[in-house]
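If you're wondering where the values come from, they're calculated on a predicted model, not measured in any experiment.
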Amino acid sequence: MLMSASKVAIMAVLAVGGASAFAPTSGFVPKARIGSSATSMRLRPALAGKGVSSLSMQVAAGQDTAALARVATEARGLAMDSIAAAKSGHLGLPLGCAEIGAVLFSDFLQYNPKDPKWINRDRFVLSGGHGSMFLYSWLHIAGYEIPMEEVKNFRQYHSMTPGHPEFPSSQHNTPGIEATTGPLGQGVVNAAGIAAAQKMEQAMFNTKDHTIFDSVTVALCGDGCLQEGISHEGACFAAHEGLDNLVIVYDSNDVTLDKMAEYTQSEDTAARYEAYGWEVVTIDGHDAAVIKKSMDGFRAAKNGKPKLLICKTIIGKGIDEVAGTNAAHGEAGVAYVKDAKAKLGLKEPWEVSSETRDFFKGVTKAKTEVYTKWQDTFKAWKAANKDHAKKLDDFVSGKVPSAAEMFKGIPEFDQDKDIATREAGSVVINPVADLVPQFLSGSADLHGSNKNYIKTGGNWGRGFDKSYTGKNFYFGIREHAMGAIMNGISFHGMFRPSGATFLVFVCYMRATIRVAALSEIATTYILTHDSIGVGEDGPTHQPVETVSSLRVFPNLDVIRPADPEETVGAYVHSAQRKDGPTALILTRQNVRTLKEIPVKTRREGVLKGGYVAHKESGDLKLIILAAGSELQWAMDAAKSIGDGVRVVSMPCMSIFDKQDAKYQEEVLPKACRNRMAMEAGVGSPWYKYVGLDGKVVSVEKFGFSAPGDIVMKEFGMTGENCLAEAKKMM
């Protein structure tokens with residue numbers, strides 16, 4: 001009969017007079033297999049009898065073994081109590097990774113809990129966001145402003161400790177949260193984005209005399225994150241671009257939610273990451289000395305390789321009844337918490353001993369000394385580099401010119417030349433990048449088609465003509481990773497990332513756009529080839545439903561400009577916005593430059609979401625609403641009909657909907673219910689403006705392969721059809 005892992009660990013510690021519940025394991029034997037159901041109990045890993053020597057190594061390494069044992073135990077207890085009180089949550093990761101947390105927060109991570117936004121802090125991302133009590137427990141113990149009452153208030157309404165970590169926003173302001181995580185796989189790629197931003201800040205601001213940036217990024221993940229395809233994309237990018245300041249700690253416990261991991265995976269993860277170009281080390285995830293040695297080695301190794309630390313752990317460690325099984329993942333262990341805490345020597349609910357408080361006072365003192373020394377270096381750097389210091393201050397504060405200043409800095413287009421809005425974007429992005437130097441660009445292998453290249457920006461990355469000061473990111477054909485890397489760069493807080501692809505391929509990255517929107521971070525998506533006007537490439541590349549599907553995201557501003565000057569307004573809005581992402585929807589085909597509308601009206605009208613593009617003469621009889629390439633047809637129809645027709649340009653519904661009632665009434669007076677909308681896409685969003693009495697001229701089925709003008713004509717997206725439909729309503 002196998003003895004439970006925790007009992008073996010306790011015996012090993014007691015053998016040398018140490019504290020209980022520290023698990024210095026150095027060997028694993030294969031699990032015995034019984035049962036096959038999703039919650040079947042499996043015998044846990046037995047520990048090879050090397051606990052005493054392993055523990056001795058920890059003492060020799062200078063670690064306070066008893067303190068680490070105690071704090072790991074108490075962190076487990078906090079997770080048990082909070083999840084039990086909430087009757088909801090995930091016990092497996094917080095319990096299985098307690099020793100990892102002890103090393104990270106007592107030793108490895110560079111942070112100051114009294115200045116959680118310190119610009120040279122290490123970033124820790126909990127990619128397995130379901131294990132959020134791991135993070136809340138350690139942030140509380142480490143001295144961040146997360147009171148015990150908030151730890152107890154886990155998963156409750158308006159608490160600082162929501163079910164999954166949420167980046168500070170208008171909804172939550174929990175210090176120490178570096179990324180919104182929960183959708184598995186995204187967090188490890190967010191970490192790559194943060195590490196990329198760290199490389200950029202180091203290259204831009206460090207000098208030969210002063211190093212003000214030397215931080216690293218650490219992410220903790222499990223099998224779920226590494227099974228998700230996005231993690232593969234991000235791992236390739238991180239290795240190719242030499243992100244040796246990125247450490248992924250892989251909680252390898254051989255368990256997923258439904259089954260033991262072997263049921264769905266059999267690849268050699270270490271070999272896979274080595275093939276990508278990562279440095280990979282496999283250790284016992286309950287051995288603090290080995291964790292520390294590995295992490296310290298990773299920080300020192302400037303070898304151009306990101307790091308993967310595979311930590312073999314016991315999921316749910318500390319609750320013998322479920323530890324090491326897939327039942328430990330969620331709250332199945334709650335029924336055994338009382339007995340488990342007694343075995344661990346925890347007598348009080350949410351117990352954090354005075355010894356642990358004193359231990360972390362010492363930790364905070366040591367970290368504050370590092371912080372204070374850095375402040376001296378930073379002061380000297382600012383004195384020696386005043387121009388760079390001003391730029392850094394602008395970057396950190398998010399300072400950008402006003403919209404009026406930006407409009408003034410962007411030349412007007414030739415009003416007699418018709419061009420595609422993606423072509424207009426290729427012009428606009430350059431003065432925008434000059435005016436907002438923290439504005440970055442990137443593309444999923446489509447710079448030439450998206451036309452979003454910053455000409456004076458240089459290329460970001462390692463090798464070839466790239467450097468870490470470049471502003472143009474080459475993400476490869478990795479849209480999902482591109483979205484998560486952009487989010488990571490934005491989470492970092494110093495730069496404003498944008499990324500581009502064909503609109504139809506935005507579906508690959510919707511999950512990351514959703515996180516950006518709910519996290520209220522300022523990312524920009526440049527999405528070209530916006531309709532059936534794509535033409536010959538056919539229905540696989542002709543977006544029909546896509547714009548409308550993006551408009552349903554809360555807090556995502558979807559702007560579909562009609563001509564070059566509206567494109568200016570769209571870019572300015574995206575560069576100005578600080579509380580959420582913006583999607584710019586741009587045409588492949590040329591559109592008419594609407595010179596009959598004043599330039600100022602077009603540019604500023606975008607900032608209000610919608611505006612009167614053509615004012616009726618005489619009594620108002622019909623309002624035609626349109627966006628993008630269809631606005632030109634609405635303008636032509638109004639001119640042909642004559643009196644009584646108003647045209648409203650509606651480049652962004654979400655911005656218009658935020659305007660006050662007075663402005664909305666000025667643009668769309670309730671007295672006129674005779675309304676028509678036209679757009680080359682699914683028309684459902686327009687009905688909130690035209691109502692049941694109105695008409696929407698739209699595209700409600702997939703397209704076909706033919707020249708773009710023919711496809712547009714067959715679907716009625718022409719001036720002639722717009723005029724015909726409008727006349728029917730007069």
Open item on the list: Please check this pair: side chain of Arg496 against backbone of Ala522, looking for a donor-acceptor N/O pair closer than 3.5 Å.
Closed with: no
Open item on the list: Side chains of Leu631 and Leu594, heavy atoms from C-beta outward: is any pair under 4.5 Å?
Closed with: yes
Open item on the list: Salt bridge check, Lys621 against Glu616: does any charged N sit closer than 4.0 Å to a carboxylate O?
Closed with: no
- [ ] For atom CG of Asp619, decide whether the heavy atoms of other residues, nucleotides or ligands shown that lie under 6.0 angstrom number more than 12.
- [x] no
- [ ] Examine the side chains of Thr528 and Asn450 and answer whether a donor and an acceptor come within less than 3.5 Å of each other.
- [x] yes
Task: Side chain proximity check, Val690 to Val696, heavy atoms < 4.5 angstrom - done: yes
Open item on the list: With a sphere of 6.0 Å drawn around CZ of Phe413, does it hold more than 12 non-hydrogen atoms of other residues, nucleotides or ligands?
Closed with: yes
Task: Donor-acceptor contact below 3.5 Å, side chain Gln659 vs main chain Ile655 - done: yes
Task: SB check Glu405 Lys408 (cutoff 4.0 Å) - done: no
- [ ] Mark yes or no for whether Asn472, through its side chain, and Ile454, through its backbone, hold a donor-acceptor pair below 3.5 Å.
- [x] yes
Open item on the list: Under the criterion side-chain contact (heavy atoms from CB on, under 4.5 Å), I'd like the reasoning laid out for Met494 against Gln438: C-alpha separation, chi angles, the key distance, then a yes or no.
Closed with: CA-CA 7 Å; Met494 196 175 291; Gln438 63 268 50; over 6 Å; no
Open item on the list: Checking His492 against Glu201: is there a side-chain donor and acceptor pair closer than 3.5 Å?
Closed with: yes
Task: Gln198 and Thr217: side chain donor to acceptor below 3.5 Å - done: yes
Open item on the list: Under a 3.5 Å distance rule, please check whether Arg673 uses its side chain to pair with a backbone N or O of Lys670 as donor and acceptor.
Closed with: no
- [ ] Would you confirm whether Arg646, through its side chain, and Leu625, through its main-chain N or O, come within 3.5 Å as a donor-acceptor pair?
- [x] no
Open item on the list: Strictly distance-based, threshold 3.5 Å: is any side-chain N or O of Ser449 a donor or acceptor partner for the main-chain N or O of Leu446?
Closed with: no
Task: Residue from Phe495, Phe473, Trp460 passing ring-ring contact (aromatic ring centres under 6.0 Å, His included) with Tyr468 - done: Trp460
Task: Result of checking Lys595, Arg602, Gln415 against Asp563 for side-chain hydrogen bond (donor to acceptor under 3.5 Å, both in side chains) - done: Arg602
Task: Heavy atoms of other groups near Arg675 CZ, more than 12 under 6.0 Å - done: yes
Open item on the list: Can a donor-acceptor pair be found, under 3.5 Å and without considering hydrogens, that links the side chain of Asn452 to the backbone of Gly499?
Closed with: no
Open item on the list: Here's a test for you: under side-chain hydrogen bond (donor to acceptor under 3.5 Å, both in side chains), which of Glu604, Glu666, Glu566 qualifies with Tyr611?
Closed with: Glu566
TODO: Is it possible for you to check whether Lys466 lies under 6.0 Å from the centre of the six-membered ring of Tyr474, through NZ or CZ, and within 45° of that ring's axis?
DONE: no
TODO: Answer yes or no: is there an ion pair linking Arg588 with Glu423, defined by an N-O contact shorter than 4.0 Å?
DONE: no
Open item on the list: Can you give me the closest heavy-atom contact between Val606 and Ile559, atom names plus distance?
Closed with: CG1-CG2, 3.9 Å
Open item on the list: Looking only at the side chains, is there a donor atom on one of Thr180 and Ser519 sitting less than 3.5 Å from an acceptor on the other?
Closed with: yes
Open item on the list: Are the side chains of Lys471 and Phe439 in contact, using a 4.5 Å heavy-atom criterion?
Closed with: no
- [ ] Tell me yes or no: between the side chains of Asp557 and Ser654, is some donor less than 3.5 Å from an acceptor?
- [x] yes
- [ ] Provide the closest heavy-atom pair for Val645 versus His614 in the form atom of the first, atom of the second, distance.
- [x] O-CD2, 3.2 Å
Open item on the list: Using only atom types and a distance under 3.5 Å, with no angle test, would you say the side chain of Glu241 pairs donor to acceptor with the backbone of Arg462?
Closed with: yes
Task: Any side-chain heavy-atom pair of Phe407 and Ser402 under 4.5 Å - done: no
Task: Main-chain N/O of Thr593 paired to Asp418 side chain as donor or acceptor, under 3.5 Å - done: yes
Open item on the list: Atom NZ of residue position Lys688 - does it have more than 12 heavy atoms of other residues, nucleotides or ligands inside 6.0 Å?
Closed with: yes
TODO: Please check if any side-chain donor atom of Ser629 sits under 3.5 Å from a side-chain acceptor atom of Arg560, or the reverse.
DONE: yes
Task: Leu184 side chain reached by Ser127 side chain, heavy atoms, under 4.5 Å - done: no
TODO: Inspect the surroundings of NZ in Lys399 and state if more than 12 heavy atoms from other residues, nucleotides or ligands are less than 6.0 Å away.
DONE: no
Open item on the list: Checking side-chain polar atoms at under 3.5 Å, does Ser684 have a donor or acceptor matched by the opposite partner on Ser548?
Closed with: no
TODO: Take atom CZ of Phe704 as the centre, draw a 6.0 Å sphere, and report whether it contains more than 12 heavy atoms from other residues, nucleotides or ligands.
DONE: yes
Open item on the list: Any carboxylate oxygen within less than 4.0 angstrom of a Lys/Arg side-chain nitrogen, looking at Arg422 and Asp530?
Closed with: no
Open item on the list: Using the ring centroid of each side chain, check whether Tyr453 and His447 are separated by less than 6.0 Å.
Closed with: yes
- [ ] Decide yes or no on side-chain contact (heavy atoms from CB on, under 4.5 Å) for Leu527 and Thr501, but give the supporting numbers first.
- [x] CA-CA 5 Å; Leu527 307 173; Thr501 187; 3.9 Å; yes
Task: Full working for ring-ring contact (aromatic ring centres under 6.0 Å, His included) between Phe505 and His541 - done: CA-CA 8 Å; Phe505 297 143; His541 285 55; 5.1 Å; yes
Open item on the list: Pair Val544, Lys701 - check side-chain contact (heavy atoms from CB on, under 4.5 Å), show working.
Closed with: CA-CA 7 Å; Val544 172; Lys701 62 181 181 179; over 6 Å; no
TODO: Give a yes or no answer on whether the side chain of Ser549 reaches the backbone of Thr546 with a donor-acceptor pair at less than 3.5 Å.
DONE: yes
Task: Aromatic plane relationship, Tyr689 with Phe656 - under 30° parallel, 30 to 60° tilted, over 60° perpendicular - done: perpendicular
Open item on the list: Using side-chain contact (heavy atoms from CB on, under 4.5 Å), reason through Thr421 and Ile585 one step at a time and then give a plain yes or no.
Closed with: CA-CA 9 Å; Thr421 53; Ile585 313 298; over 6 Å; no
Task: Close side-chain approach of Lys728 to Met676, heavy-atom, < 4.5 Å - done: no
Open item on the list: Can you see whether Ser698 engages Glu700 through a side-chain donor-acceptor pair at a distance of less than 3.5 angstrom?
Closed with: yes
TODO: Could you check if a side-chain atom of Ile624 sits within less than 4.5 angstrom of a side-chain atom of Leu622, using non-hydrogen atoms only?
DONE: yes
Open item on the list: Please find the pair of heavy atoms, one from Ala516 and one from Pro581, that lie closest to each other, and give the distance.
Closed with: O-CD, 3.7 Å
TODO: Evaluate the side-chain proximity of Phe237 to Tyr276: yes if any heavy-atom separation is below 4.5 Å, no if none is.
DONE: no
Task: Nearest non-hydrogen partners of Ala420 and Asn590, listed with the distance - done: N-OD1, 3.1 Å
Task: Side-chain ion pair, Arg577 and Asp579, N-O less than 4.0 Å - done: yes
